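Following: one structure in structure tokens, then a few remarks.
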Amino acid sequence: MSRFAYVNGRYLPARDASVNVEDRGYQFADGVYEVCEVRDGKLVDAPRHLARLQRSLNELRIAMPMPLVSIEFIMRETVRRNRVNYGLVYLQITRGVARRDHAFPTEPVKPAIVVTAKNLSYEKNQATAQKGIAVVTTPENRWPRVDIKSVSLLPNVLAKQQAKEQGAYEAWFVDRDGYVTEGSSSNAWIVTHDGRVVTRPADNHILSGITRAVLMNVLEALQLRLEERPFTIEESYGAAEAFVTSASQIVMPVIKLDDRMIGDGKPGSVSRRLREEFHRFAHIS
Ligand code: PLP
């Protein structure tokens with residue numbers, strides 16, 4: 001089946017879709033993105049993803065290329081044209097195309113927008129969750145504004161590659177004081193032996209995940225205890241459970257952290273329950 005991409009006003013077959021070599025996203029990673037889960041052809045938590053998009057653009061002083069409702073329409077249309085039932089829709093907005101110069105273009109340029117969508121295997125994702133994943137740790141080496149969902153992801157790329165080469169699925173960044181910040185493409189969580197569910201506060205050192213925010217609603221509804229506080233890698237090694245959250249993984253149990261087994265080496269009951277309950281609380285439209 002042919003795939004389509006939306007590029008600056010047109011839906012094009014993926015093979016014909018291209019961007020300008022002087023797009024500032026390509027040259028400087030001067031842009032932002034969003035990734036939304038697609039279920040039954042619908043968008044999961046679109047309003048929150050669009051609100052975060054708006055915030056990222058504001059932080060970088062990139063103009064909104066069109067009203068949010070139009071962006072949402074394009075996301076839905078890209079999902080429809082690619083016949084995505086279960087998968088992801090990806091949206092990227094860069095500062096635009098201008099002759100290469102680090103400072104912002106002096107004449108205002110139109111931001112460039114690209115939307116793509118792809119199918120994923122639901123069964124494969126479920127099978128991974130049933131088994132649980134291995135995570136390795138890596139020193140935090142990113143800038144202190146990772147709260148902005150910028151396309152500048154080189155440290156994340158290198159961390160994920162390190163994980164892959166070590167036979168793991170994800171890497172957790174650990175800061176100089178031994179605290180876990182987040183995963184290379186996910187937020188990090190642990191569960192204590194007395195059932196408290198712990199995640200780092202959403203400061204400038206983590207991306208404030210949409211899945212993380214929805215999961216907090218789930219915890220409240222299920223009357224589970226949330227503790228929003230920094231936690232160390234040492235505490236994580238001894239935790240009852242650990243998991244990661246992201247739009248593509250939802251709640252993914254962690255069964256191994258570096259060379260330590262978490263709990264009994266199987267996905268924990270809290271993580272499994274949160275994964276099962278998640279979509280009851282998500283906004284699906
Ligand atoms: N942290 C990082 C670095 C990410 O890249 C992501 C998602 O890709 C997340 C956290 C989780 O965010 P969300 O739940 O909005 O997908």
Side-chain angles (χ1 to χ4, degrees), residues 25 28-35 49 52-53 55-60 92 132-192 196-216 226-263 271:
F28 298 114
D30 186 1
V32 303
Y33 74 108
E34 277 298 328
V35 179
H49 281 280
R52 185 173 64 185
L53 173 72
R55 178 184 181 276
S56 298
L57 290 170
N58 289 347
E59 292 295 319
L60 297 180
Q92 178 176 311
I133 60 166
V135 168
V136 293
T137 54
T138 197
E140 178 63 90
N141 59 356
R142 300 173 302 158
W143 74 324
R145 286 310 309 274
V146 297
D147 55 306
I148 302 170
K149 200 163 168 66
S150 134
V151 293
S152 169
L153 289 171
L154 197 48
N156 308 58
V157 166
L158 296 177
K160 189 76 92 183
Q161 181 61 22
Q162 179 198 328
K164 196 171 161 188
E165 286 173 7
Q166 290 178 226
Y169 192 89
E170 178 58 304
W172 280 7
F173 290 111
V174 178
D175 73 15
R176 287 162 68 170
D177 299 320
Y179 289 97
V180 174
T181 51
E182 62 178 339
S184 73
S185 63
S186 59
N187 288 121
W189 301 70
I190 55 170
V191 182
T192 63
R196 285 167 290 136
V197 183
V198 185
T199 199
R200 187 191 174 94
D203 50 21
N204 289 355
H205 301 286
I206 67 163
L207 179 74
S208 185
I210 304 303
T211 319
R212 174 185 180 280
V214 174
L215 198 68
M216 289 184 176
L226 167 70
E227 242 174 50
E228 220 178 336
R229 61 164 171 86
F231 59 94
T232 62
I233 191 61
E234 279 306 323
E235 183 180 2
S236 313
Y237 289 147
E241 298 184 30
F243 61 89
V244 296
T245 55
S246 73
S248 57
Q249 306 302 324
I250 304 302
V251 175
M252 185 57 77
V254 174
I255 53 163
K256 199 175 160 216
L257 198 45
D258 289 330
D259 53 1
R260 322 281 182 98
M261 198 123 97
I262 301 297
S271 318

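This one's a predicted model, so the numbers in the text were calculated from it and none came from an experiment.
Under the 4.5 Å side-chain criterion, counting only non-hydrogen atoms from C-beta, M216 is in contact with T199. Contact check for I206 versus N187: side-chain heavy atoms found under the 4.5 Å cut-off. Inter-residue side-chain proximity for R260 and Y237 is flagged as met; some heavy-atom pair is nearer than 4.5 Å. Side-chain atoms of F173 and T138, non-hydrogen and from C-beta on, do get closer than 4.5 Å to each other. Taking 4.5 Å as the limit, every side-chain heavy atom of E140 sits out of range of all side-chain heavy atoms of R176. Annotation: side chain of E228 is not in contact with side chain of V198 (no heavy-atom distance under 4.5 Å). At least one side-chain heavy atom of T137 sits under 4.5 Å from a side-chain heavy atom of V174. Here the side chains of V146 and T181 are not in contact, with every heavy-atom distance at 4.5 Å or above.
The minimum heavy-atom distance linking L53 with V32 is given by the pair CD1-CG2, 3.8 Å. For the residue pair F243 and P253, the shortest heavy atom distance occurs at CB-CA, 3.9 Å. Here the closest non-hydrogen pair linking A168 and A134 is CB-O, 3.4 Å. For the pair S236 and L257, the tightest heavy-atom approach, listed with the atom from each and the gap, is CB-CD2, 3.5 Å. Summarising the geometry of E235 relative to T192, their closest heavy-atom pair is OE2-CG2, 4.1 Å, with the distance given to 0.1 Å. The minimum heavy-atom distance linking A247 with V35 is given by the pair CB-O, 3.6 Å.
Expressed to the nearest 0.5 Å, how far CG of L60 lies from OG of S150 amounts to 6.5 Å. In this structure, CG in L154 is found 9.0 Å from CG in N141, a value given to the nearest 0.5 Å. Residue I190 holds its CD1 atom at 11.5 Å from OG of S271, rounded to the nearest 0.5 Å. Here the straight-line distance linking atom CD of Q161 with atom CD of Q166 works out to 10.5 Å at 0.5 Å rounding. Expressed to the nearest 0.5 Å, how far OG of S208 lies from CZ of R55 amounts to 7.5 Å.
With hydrogens and angles disregarded, no donor-acceptor distance shorter than 3.5 Å links the side chain of R145 to the backbone of E59. When atom types are taken as modelled, the side chain of D177 and the backbone of Y179 share no donor-acceptor pair closer than 3.5 angstrom.
Y169 and Q249 share a side-chain donor-acceptor pair at under 3.5 Å. Side-chain contact annotation: S186 with E170, donor-acceptor N/O pair under 3.5 Å present. A donor-acceptor contact closer than 3.5 angstrom links the side chains of W189 and T245.
Under a 4.0 Å N-O distance rule, the pair R142/E182 qualifies as a salt bridge. Using a 4.0 Å cut-off between a side-chain N of Lys or Arg and a carboxylate O of Asp or Glu, K160 and E165 do not qualify as a salt bridge. A salt bridge does not link D259 to K256: none of the charged nitrogens lies less than 4.0 Å from a carboxylate oxygen.
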For this session: List the steps and the verdict of side-chain contact (heavy atoms from CB on, under 4.5 Å) for V136 and W172.
Result: CA-CA 6 Å; V136 293; W172 280 7; over 6 Å; no
For this session: Please assess I148 against L207 for the test side-chain contact (heavy atoms from CB on, under 4.5 Å), listing each intermediate value before the final yes or no.
Result: CA-CA 7 Å; I148 302 170; L207 179 74; over 6 Å; no
For this session: Verify side-chain contact (heavy atoms from CB on, under 4.5 Å) between R52 and I210, making sure each step is shown before the conclusion.
Result: CA-CA 8 Å; R52 185 173 64 185; I210 304 303; 3.6 Å; yes
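For F231, the CZ atom sits in a packed shell: over 12 heavy atoms of surrounding residues, nucleotides or ligands are nearer than 6.0 Å.
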